[in-house]
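Lettering follows sequence order; numbering is per chain, from 1. This structure is a prediction, so every number in the text was calculated from the model and none was measured. When reading the values below, keep in mind they use all heavy atoms of this one structure, side chains included, and skip hydrogens, waters and symmetry mates.
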2 protein chains.
Amino acid sequence: MEQHRLDVFQVIADPSRRQMLHLLSKDSLTINSLAENFDMSRPAVSKHVKVLHNAGFISIQDIGRERHCILKQDGFKQLQEWLTYYNAFWGSKLKKLEALLNERSGNSIK
Amino acid sequence: MEQHRLDVFQVIADPSRRQMLHLLSKDSLTINSLAENFDMSRPAVSKHVKVLHNAGFISIQDIGRERHCILKQDGFKQLQEWLTYYNAFWGSKLKKLEALLNERSGNSIK
DNA sequence: AATTTGCGTAACTCACAGGTTACATATATA
DNA sequence: TATATATGTAACCTGTGAGTTACGCAAATT
């Protein structure tokens with residue numbers, strides 16, 4: 001088996017994969033119908049799909065010989081969690097600034 | 001000049017850079033004090049800092065011969081915007097489900 | 001003025017992600 | 001059953017991101 005087990009950050013680093021996610025946000029698609037939107041070979045698309053699947057960005061439903069790709073929330077959640085930490089950082093930074101402004105006791109040294 | 005102009009997605013794809021952001025969320029650091037935390041050469045850290053700077057994740061304040069790296073919100077905002085699109089997607093998906101559940105008029109065909 | 005410190009840049013190596021083509025396999029269709 | 005369709009996998013090639021070392025330069029320090 002191949003080693004294509006990239007983490008969520010590496011997964012969205014690729015523009016093609018981001019576009020795939022965007023397409024899948026409009027409609028669920030099979031591998032081939034996905035591939036029609038790209039200027040690359042079908043096996044290449046197939047690889048990307050595998051990567052997206054392994055990282056929890058899509059689920060796959062086999063219908064006969066077709067593989068339907070459906071957007072899945074897991075991968076996005078991991079990213080949001082990471083970002084939320086920094087959102088909190090900016091929030092607390094703002095708080096500190098406010099606290100400083102409320103200190104109207106005229107501290108001018110340094 | 002070098003071509004190290006990676007987009008925000010590529011920037012956070014690297015674990016070392018993510019750790020740098022984390023360290024900088026605790027405290028502003030110079031290049032050297034940053035480098036102390038990593039098992040890599042100082043020039044390597046310097047490169048990463050350049051990348052982070054170009055993508056808007058940090059600002060740099062030159063004090064004498066020292067370069068102080070400070071966390072900056074711009075890069076994070078771009079990522080949040082991207083994620084927000086999909087958050088909205090999940091939101092609307094939930095709405096559709098709710099709407100479906102509220103249709104208690106027993107539609108069973110397909 | 002000489003030395004040390006903090007940092008950037010150039011040139012190089014290397015691993016590996018992302019692409020290809022060729023082939024294999026399972027499911028529809030004729 | 002023979003053929004077409006939808007897809008996965010193996011083997012390979014290639015560009016480039018991420019690391020290195022060597023060097024240069026400006027700002028402190030002595």
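If you measure from atom CD of Q61(B) to atom C1' of dG6(C), you get 16 Å, rounded to the nearest angstrom. Taking atom CG of residue L6(A) and atom P of nucleotide dA15(C), one finds them 18 Å apart after rounding to whole Å. Protein atom CD of E66(A) is 19 Å distant from nucleotide atom P of dA4(D), rounded to whole Å. Rounded to whole Å, atom P of dT9(C) lies 12 Å from atom NE2 of H53(B). Between the CG atom of L52(A) and the P atom of dG8(D) there is a distance of 12 Å, given to the nearest Å. Rounded to whole Å, the distance from CG on D62(B) to P on dC25(D) is 18 Å. Taking atom NZ of K50(B) as the reference point, atom C1' of dG19(D) lies 16 Å away to the nearest angstrom. Rounded to whole Å, atom P of dT5(D) lies 18 Å from atom CD1 of I31(A).
One distance of note links CG of L83(B) with CZ of F76(B); it measures 13.0 Å at 0.5 Å rounding.
A side chain to side chain contact (heavy atoms under 4.5 Å, CB included) with I60(B) is found for one member of I70(B), T30(B), V49(B) and no other, namely V49(B).
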| side chain to side chain contact (heavy atoms under 4.5 Å, CB included) between Q73(A) and Y86(B): does it pass, once the steps are laid out? | CA-CA 9 Å; Q73(A) 202 168 9; Y86(B) 292 96; over 6 Å; no
| said: Before you tell me yes or no, could you show the steps for M20(B) and V45(B) under side chain to side chain contact (heavy atoms under 4.5 Å, CB included), namely the whole-Å CA-CA distance, both residues' side-chain angles and the distance that decides it to 0.1 Å? | reply: CA-CA 9 Å; M20(B) 288 178 188; V45(B) 173; 4.0 Å; yes
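Place A13(A) and S33(B) on DNA chain C by their nearest nucleotides, and S33(B) ends up nearer the 5' end.
An OP1 or OP2 oxygen of dG18(C) is reached within less than 4.0 angstrom by a side-chain nitrogen or oxygen of R17(A). Taking only side-chain nitrogens and oxygens, R67(A) comes nearer than 4.0 Å to OP1 or OP2 of dG8(D). S46(A) has no side-chain polar atom (N or O) that falls below the 4.0 Å cut-off from OP1 or OP2 of dT7(D). For the pair N32(B) and dC7(C), the criterion of a side-chain N or O lying under 4.0 Å from OP1 or OP2 is met.
A cation-pi contact links R18(B) to F9(A), judged by a cut-off of 6.0 Å to the six-membered ring centre and 45° from its axis.
Under 3.5 Å, the side chains of Q80(A) and N87(B) contain a donor-acceptor pair of N or O atoms.
Under the side chain to side chain donor-acceptor pair (under 3.5 Å) criterion, E66(B) pairs with H68(B), not counting sequence neighbours.
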| note | The contact string for nucleotides 19-30 of chain C, one letter per nucleotide 5' to 3', using protein heavy atoms under 4.0 Å with B, S and - for base, sugar-phosphate only and none, comes out as BBBB----BS--
